[in-house]
Amino acid sequence: MEKVAFITGGTRGIGKQIAITLAKCRYDIAINYRNENEELENTKKEIEANNVKCLAVKGDVSNFEDCEKNVEEIISKYGKIDVLVNNAGITRDTLLMRMKKEDFEDVINTNLVGTFNVTKNVISYMLKAHYGRIINISSVVGIAGNAGQTNYSASKAGIIGFTKSLAKEVASRNILVNVVAPGFIETSMTNVLKDEIKEEIAKSIPLKRMGTTQDVANVVKFLASEDSSYITGQVINVDGGMLM
Ligand code: NAD
């Protein structure tokens with residue numbers, strides 16, 4: 001029986017690359033999405049081109065009931081979830097001085113509460129199966145902080161604390177919980193920055209380039225695999241040496 005991986009926010013960017021990379025390793029895939037669009041259809045086709053199944057479930061990770069329904073739908077189709085990748089995330093960058101209450105709440109509710117909502121609904125199935133891999137996508141700014149990102153940094157730091165606590169709770173059931181903390185990766189999230197700013201940032205990175213979505217997906221693939229079976233509660237930075 002193929003292993004099943006559920007990737008939140010899997011229609012584009014890092015999540016899409018993770019889904020395709022795991023599909024290449026013969027996982028059946030489930031992704032969630034908020035709106036039907038061309039992006040979703042193309043991603044589904046790219047996943048299925050690897051001769052694996054792809055189920056797309058509609059839901060907002062910040063909504064607990066949506067997550068409950070998403071997980072039920074995946075379980076009724078596949079019977080299990082072996083790997084969960086909590087990837088869905090947003091930014092609402094601005095200095096605290098100017099930050100609206102909604103900017104703070106939206107980011108915490110999507111990134112941190114979303115990670116809780118999905119994991120809470122998946123964990124009982126993993127506990128019963130005595131098997132699971134949970135990989136939470138944080139960020140190096142959750143470790144180092146970043147001006148203009150108090151909301152985002154707090155959400156990503158929260159994900160690290162959540163991960164370590166859960167790793168301790170479920171280790172005895174052979175469920176491993178780890179964090180991948182990307183640095184500066186080329187996606188629509190970073191495309192909003194001006195080219196000059198991107199070049200400046202790239203210069204400050206020891207490996208002198210922005211990361212690719214594949215750089216992140218490769219580490220998720222490792223953490224999902226049996227090669228990482230003695231690793232739990234860890235934060236692995238994928239940042240070209242930005243933070244060391
Ligand atoms: P992206 O904006 O391209 O993709 C984010 C995905 O999450 C999209 O598919 C979006 O629809 C989905 N999403 C957002 N809110 C959602 C919600 N409430 N419910 C369901 N889905 C939702 O961004 P990306 O760069 O691919 O980011 C993926 C993850 O990586 C995020 O958690 C982000 O914080 C993290 N990250 C990105 C970078 C970077 O440089 N791009 C760096 C560090 C961490």
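Just so you know, ligand 1 is whichever comes first in the structure, and atom 1 is the first atom listed for that ligand. Here the structure is a predicted model, which is why all the values come from computation and not from measurement.
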*Any side-chain donor near an acceptor of the partner, Asn191 and Ser188, under 3.5 Å*: no

*Can you measure from NZ (Lys128) to CD1 (Ile123) and round to the nearest 0.5 angstrom?*
11.5 Å

*asked:* Tell me whether Lys77 at atom NZ has more than 12 heavy atoms from other residues, nucleotides or ligands lying less than 6.0 Å away.
replied: yes

*asked:* Can you tell me which residue among Ile159, Thr163, Val140, Ile143 is in a side-chain contact (heavy atoms from CB on, under 4.5 Å) with Val235?
replied: Ile143

_Keeping Thr8 on the side-chain end and Ala88 on the backbone end, is there a donor-acceptor pair under 3.5 Å?_
yes

*Heavy-atom cut-off of under 4.0 Å around ligand 1: list whichever protein residues fall inside it, by chain and number.*
Gly9, Thr11, Arg12, Gly13, Ile14, Asn32, Arg34, Gly59, Asp60, Val61, Asn87, Ala88, Gly89, Ile90, Thr110, Ile137, Ser138, Ser139, Tyr152, Lys156, Pro182, Gly183, Phe184, Ile185, Thr187, Ser188, Met189, Thr190

*asked:* Tell me whether the count of non-hydrogen atoms from other residues, nucleotides or ligands lying under 6.0 Å of NZ in Lys164 goes above 12.
replied: no

